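One structure is given here, and the rest of the page talks about it.
This is a predicted model, so every value here is computed, not measured.
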Amino acid sequence: MNHPSPAFGVGSAAPPPPPPAAHCGAAGRDWRTSVEQFLSDLTDRNLRENALLELSKKRDIFHDLAPLLWHSFGSIAALLQEIISIYPYLSPPTLSSAASNRVCNALALLQSVASHSETRVHFLEAHIPLYLYPFLNTTSKTRPFEYLRLTSLGVIGALVKVDETEVIGFLLRTEIIPLCLRTMEMGSELSKTVATFIVQKILLDDVGLSYICATSERFYAVGQVLGSMVTSLAERPSVRLLKHIIRCYLRLSEHQRACERLINYLPDILKDGSINSYLHDDPGTRHWLQQLLHNVNTANRATNHQGRLDHIIGS
Ligand code: TRP
């Protein structure tokens, strides 16, 4: 592990036996055989690195890889072993690029398990996301760590993408939100986008919205990070990130108490139209922003009105 092999190389271990040729068409069965061979190679420490690489390359074209991974003997255990084996390199941060690439191949396979409708529930019931949280808790800005965080967020992103309330329920019982907020504060543009997407998906769930708005600490923790991302976007614009930020604000504005807090808390550059120049090509996000400002203005008028009434009545 301390001898970085070239990225995606096979390393110095004994070379694997040549897999059966993986032709398309009539040779579909050969291809399946080679997948099964790689699955069995996962349980052999000497063959595992190559098997991880080959299987992760196939995951997009081979749709039933996830159930095969889940049900084949030792595969998931091997992936978890890969994850746990790099914990010692997280703190102090000494993870090599080769080790990061290798574990990210394992994470890519777990992502297919998280995405697949047949295996998603098993994945949650086995609490597998928790094994990734130590990766999200790292702060090193070097590439191996950036890549590790981004790939781990990708697994959680794949989970929330399906809009299942069980997924959100599971995540809310863990500490995923502060971990996402951390990445939204200090990650690369891409990890920020994935982390914001995850928070957006949590907010879009009714239970998620009430969870985040349940205490002012939670609301302000989220609001503060959204606000600082908006500020930094003024220097380095990213439309895809802005879109998720605005969607998060819009959803918060659908919660009455949160909306009242947004009156004084929404960043000025969203209110005064100076952000609009970035949204020329994105009518959907422009519409969300208008809706957001409408909700906040309505809440503002309602509270002013209430204030005047209180004044008149003398309460
Ligand atoms: N356990 C913390 C809580 O329940 C988790 C948390 C920290 C959190 N920061 C948050 C949850 C921000 C939602 C939003 O408050």
* Asked: Going through the checks in order, is the side-chain contact (heavy atoms from CB on, under 4.5 Å) test met by Phe135 and Ile83?
  -> CA-CA 9 Å; Phe135 300 161; Ile83 288 175; 3.5 Å; yes
Heavy-atom count check: over 12 atoms from other residues, nucleotides or ligands less than 6.0 Å from [X] [atom1]?
X	atom1	answer
Tyr131	OH	no
Lys161	NZ	no
Tyr220	OH	yes
His287	NE2	no

At their closest point, which heavy atom of [X] faces which heavy atom of [Y], and how far apart are they?
X	Y	result
Ala234	Tyr278	O-OH, 3.8 Å
Ala51	Asp41	CB-CB, 3.7 Å
Leu250	Leu292	CD1-N, 3.7 Å
Thr196	Met184	OG1-CG, 3.6 Å
Leu65	Leu55	CD2-O, 3.7 Å
Glu254	Asn295	CG-ND2, 4.3 Å

Where the side chain of [X] meets the backbone of [Y], is there a donor-acceptor pair that is under 3.5 Å apart?
X	Y	result
Thr119	Ser115	no
Ser72	Ser75	no
Arg120	Ala114	yes
Thr231	Gly227	yes
Arg59	Ser112	no
Asn137	Tyr133	no
Lys201	Leu159	no

Contact between [X] and [Y] at the side-chain level, heavy atoms closer than 4.5 Å - yes or no?
X	Y	result
Tyr211	Ile202	no
Arg182	Leu136	no
Val296	Tyr265	no
Lys58	Phe38	yes
Gln81	Arg45	yes
Glu166	Val121	no
Leu90	Phe145	yes
Leu68	Phe62	yes

* Donor on one side chain, acceptor on other, Thr138 and Ser140, under 3.5 Å ->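 Short answer, no.
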* Is there a donor in the side chain of Ser97 and an acceptor in the side chain of Arg143, or the other way round, less than 3.5 Å apart? ->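 On atom types as modelled, these side chains do not qualify, holding no pair under 3.5 Å.
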Would you call [X] and [Y] a salt bridge, using N to O less than 4.0 angstrom?
X	Y	answer
Glu82	Arg48	yes
Asp281	Arg286	no
Glu189	Lys192	no

* Tell me, please, whether Phe219 has Arg257 positioned over its six-membered ring: NZ or CZ under 6.0 Å from the ring centre and within 45 degrees of its axis? =>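 Pair Arg257/Phe219 does not count as cation-pi.
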Are [Y] and [X] connected into the same hydrophobic cluster when the rule is that any two of I, L, V, M, F, W, Y join if their side-chain heavy atoms are below 4.5 Å apart?
X	Y	value
Ile245	Met186	no
Val194	Leu204	no
Phe73	Val35	no

* Stepwise side-chain contact (heavy atoms from CB on, under 4.5 Å) test for Leu279 and Lys243 -> CA-CA 9 Å; Leu279 298 177; Lys243 170 185 169 149; over 6 Å; no
Rounded to the nearest 0.5 Å, what's the gap from [atom1] on [X] to [atom2] on [Y]? Could you check?
X	Y	atom1	atom2	value
Tyr89	Ser100	OH	OG	13.5 Å
Thr151	Asn105	OG1	CG	9.0 Å
Leu109	Cys104	CG	SG	11.5 Å
Glu54	Glu49	CD	CD	11.5 Å
Leu252	Arg247	CG	CZ	10.0 Å
Glu185	Ser228	CD	OG	5.5 Å

* To do: Identify which one of Leu80, Val155, Leu79 satisfies the side chain to side chain contact (heavy atoms under 4.5 Å, CB included) criterion when paired with Ile128.
  =>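 It is Leu80; the other options fail the test.
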* Walk me through it: do Thr165 and Asp206 pass the test side-chain contact (heavy atoms from CB on, under 4.5 Å)? => CA-CA 9 Å; Thr165 184; Asp206 287 343; over 6 Å; no
* Take Val167 and Asp205, measure what side-chain contact (heavy atoms from CB on, under 4.5 Å) needs, and give me the verdict at the end. => CA-CA 10 Å; Val167 169; Asp205 181 270; over 6 Å; no
